[in-house]
Amino acid sequence: MPSQFFGLMIGYSGLTAAQASQNTTANNIANINTEGYSRQELKQTAADALRTYTRYGMAGAGVDAVSIDQIRNQYFDMKYRANETTLGEYNRKNSYMGEIENYFTDTTVVPGFNSVYVEDFYNALSKLEDDPGSTTTRQSFIGAANNVVEYFNTMSTDLAKTQDNLNQEIKDVVDKINSIAAQIASINKQINVIEIRGVVANELRDQRNLLVDELSSYVDVETKEVDVYNYADPDNPTGAKNFYVSIGGAYTLVDGYEYEELECRARDEKINQSDIDGLYDIYWTKTGGKFAPLSAVLSGQLKGLLELRDGNNKEYFDGTLAADTATGATDISVKVPANSKMVDLNKCTLPDSGTINISGFDYVYDTWTYVYDDTDGTGTYTFNNLRYKDNTGVYRDGLLEGMPQDVTVRVGQSIDYMGIPYYQSQLNEWVRTFAEAFNKIEGRGYDLYGDYMGDRCFFQVVDAEGTQHDLMQLDDSRITTVSNTGTDTIGTGTKSNGTYTYNALTARNLVISADIIENPAKMATTYDKEASSSVDSADLVKDLSTLKTDKSKISFRGSSSAEFLQSLLTDIALNKQSAKTFETNFTTIGQVLQNQRLSVSGVDTDEEALNLVKFQHAYELSAKVIQTMTEMYDRLILNTGV
């Protein structure tokens, strides 16, 4: 049976509940502009009724304030984070593709390909045709040709700088992911210290959710929270919870109070010929496993940056072992099919030395040679001096174990995006094709001294030490064997002692012969030795002029040499427009999803103002109950003598 003062306690419970609701509302209003704050609400239930042992049975005992809860919708959180991940990927792609697009623009302020090649180069060539014996005209043409060289040198250098910027941003993103993981693990511990006592750490949960939101822009994120049970009493949770964060599809980043870190390790060897040195691969610090979030189903800033830095449009070295190879072998032969771009060395992207993957295991090679089989159109590459790195970091010679014929061999991986390696390979392919065609015509002519050009090249390659080298003339026959060690077989002849094939030529190391720059008379303008000293001999120059539009002499992706920029800008424009469109779309979707989240968890000024009035009235009514009960108890005690 309740006490005589039971009504006073009921009023008091209403008074404290109303006051707690007012305090919660005040906290909501105070945090109306706090990023990541979730609206809170007092959860209250009717207090357990008391048995009165009377006819009417049970008596209400007032109200219990159970907890102050966050108001969030996990479904909206999940959708928002998935959208942020995709938005992060296309944001970086749009930004960097705009930068790449600017490199290839052609304006009056910054002359581009059409200006320096399509117009100036062939205008100067036309004047040379009119006056081939003039030193001034020759110098003018060489200057125009040098502008073409500088254009491609600059484009390649700019792309290399962009690749370096991407590489550094990848490291920054990895550092941010590690920092967020550490913060989440720390907050997990703080939350459990508080919640194991039976209360809810709302503000800490808001901080954790904000960190997960930020993480979702860098990489795909999945979260899970499970109750922790006491082994001695498995039916009752302890109040603590384990919070897990997975990234990149299936990699656990945070496990309760523990977290894993990523680290960037600079590559020892290149994958693509025009890659800069020191590109980072990402590894897990504790396990040492490689982290590669490039799956088609994944996204995020990290994936976008990696695709921009490493994207090869699925054009990479991919072949099979040509023969069974024994354990410990240091040389392997790899066959590439006739439909592979790697059959044409002008399109080959292999570095002189690098990393090759054989049946899923990485090896380092020092040199390679190439043999073309004209019977079936296939090619065979032989990689020399294979080594692998053991667990102690020491390189060991030869294959770990024997490999049967047809085992997959690749350099790099297929990345379905046109990134820096792709655009570098396009530049390289054009300069190789152009320089080869130009030198081929020049090599059959005579200079003003009556000397046959032959192996002397107008366009040359410069090595890392600054020494210029002539390029191997292909004449009318296919390369049958090429070695990057200095011995090359072409047709039925042999080149040796440091000669360079056009595969060694890139947009970055293309130069004009220093001898010709110093003495323009050493440039050939005629095929006729007897007429070479004549100022009117320019039959060779006429053939050089056809390189602009004659696809039988220069064909780049089925187009003429003059249409190079149009072909490349089509790729760039499509990628840029695609990235811009997706970024715009996902930005809009993100705003909608954020509004949906705010409609649930955001603080609404009108709603909170109404709550203030509502809880104020509840407080006043509970106070009125206490006042009324007090008067009743006064009359009962003082006037009746009870």
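This one's a predicted model, so the numbers in the text were calculated from it and none came from an experiment.
- Note: Y365 and Y363 fail the aromatic proximity criterion, with ring centroids not under 6.0 Å apart.
- At a threshold of 4.0 Å, the pair R205-E195 counts as salt-bridged, since one of the basic side-chain nitrogens sits closer than that to a carboxylate oxygen.
- Checking side-chain atoms of Q424 against main-chain N and O of L159 turns up no donor-acceptor pair under 3.5 Å.
- Ionic pairing of E169 and R92 is present here: one or more N-O contacts between side-chain nitrogen and carboxylate oxygen are shorter than 4.0 angstrom.
- Annotation: salt bridge (Lys or Arg N to Asp or Glu O under 4.0 Å) contacts of D277 (sequence neighbours excluded): K270.
- Checked for salt-bridge contact, K241 and D227 meet the test: a charged N lies under 4.0 Å from a carboxylate O.
- The pair K171-D175 meets the salt-bridge criterion, since a charged nitrogen lies less than 4.0 angstrom from a carboxylate oxygen.
- For D310, the salt bridge (Lys or Arg N to Asp or Glu O under 4.0 Å) criterion is met by R267, not counting sequence neighbours.
- No side-chain N or O of D397 forms a donor-acceptor pair with one of Y388 less than 3.5 Å apart.
- Ring geometry for Y90 against F586 counts as parallel: the plane angle stays under 30°, on a 0 to 90° scale with 60° as the upper cut.
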| request: Go through the steps to decide whether N28 and E607 satisfy the test side-chain contact (heavy atoms from CB on, under 4.5 Å), and finish with yes or no. | output: CA-CA 11 Å; N28 288 339; E607 183 180 356; over 6 Å; no
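- Panel note: side chain D275, backbone N272; a donor-acceptor pair is recorded below 3.5 Å.
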| Going through the checks in order, is the ring-ring contact (aromatic ring centres under 6.0 Å, His included) test met by Y251 and F291? | CA-CA 8 Å; Y251 301 98; F291 177 69; 5.0 Å; yes
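- The closest donor-acceptor contact from the side chain of D416 to the backbone of K314 lies at 3.5 Å or more, if one exists at all.
- The residues K624 and E620 are annotated as not salt-bridged, no charged nitrogen and carboxylate oxygen being separated by less than 4.0 angstrom.
- In summary, of the residues considered (I356, N357, D268), a side-chain contact (heavy atoms from CB on, under 4.5 Å) with D362 occurs for N357 alone.
- T24 contributes no side-chain N or O that, together with a main-chain N or O of Q40, makes up a donor-acceptor pair within less than 3.5 Å.
- The pair K43-E41 fails the salt-bridge criterion, with no side-chain N (NZ, NE, NH1 or NH2) lying under 4.0 Å from an Asp/Glu carboxylate O.
- Salt bridge status for K286 with E261: absent, with no side-chain N to carboxylate O gap under 4.0 Å.
- Using a cutoff of 4.0 Å between basic side-chain nitrogens and carboxylate oxygens, D213 and R597 are scored as salt-bridged.
- E583 and T587 share no side-chain donor-acceptor pair at under 3.5 Å.
- Legend: residues meeting salt bridge (Lys or Arg N to Asp or Glu O under 4.0 Å) with D318, ordered by chain and number and at least two apart, are absent.
- Side chain of Y80 to backbone of Q591: no donor-acceptor contact under 3.5 angstrom is found.
- E89 and T85 share no side-chain donor-acceptor pair at under 3.5 Å.
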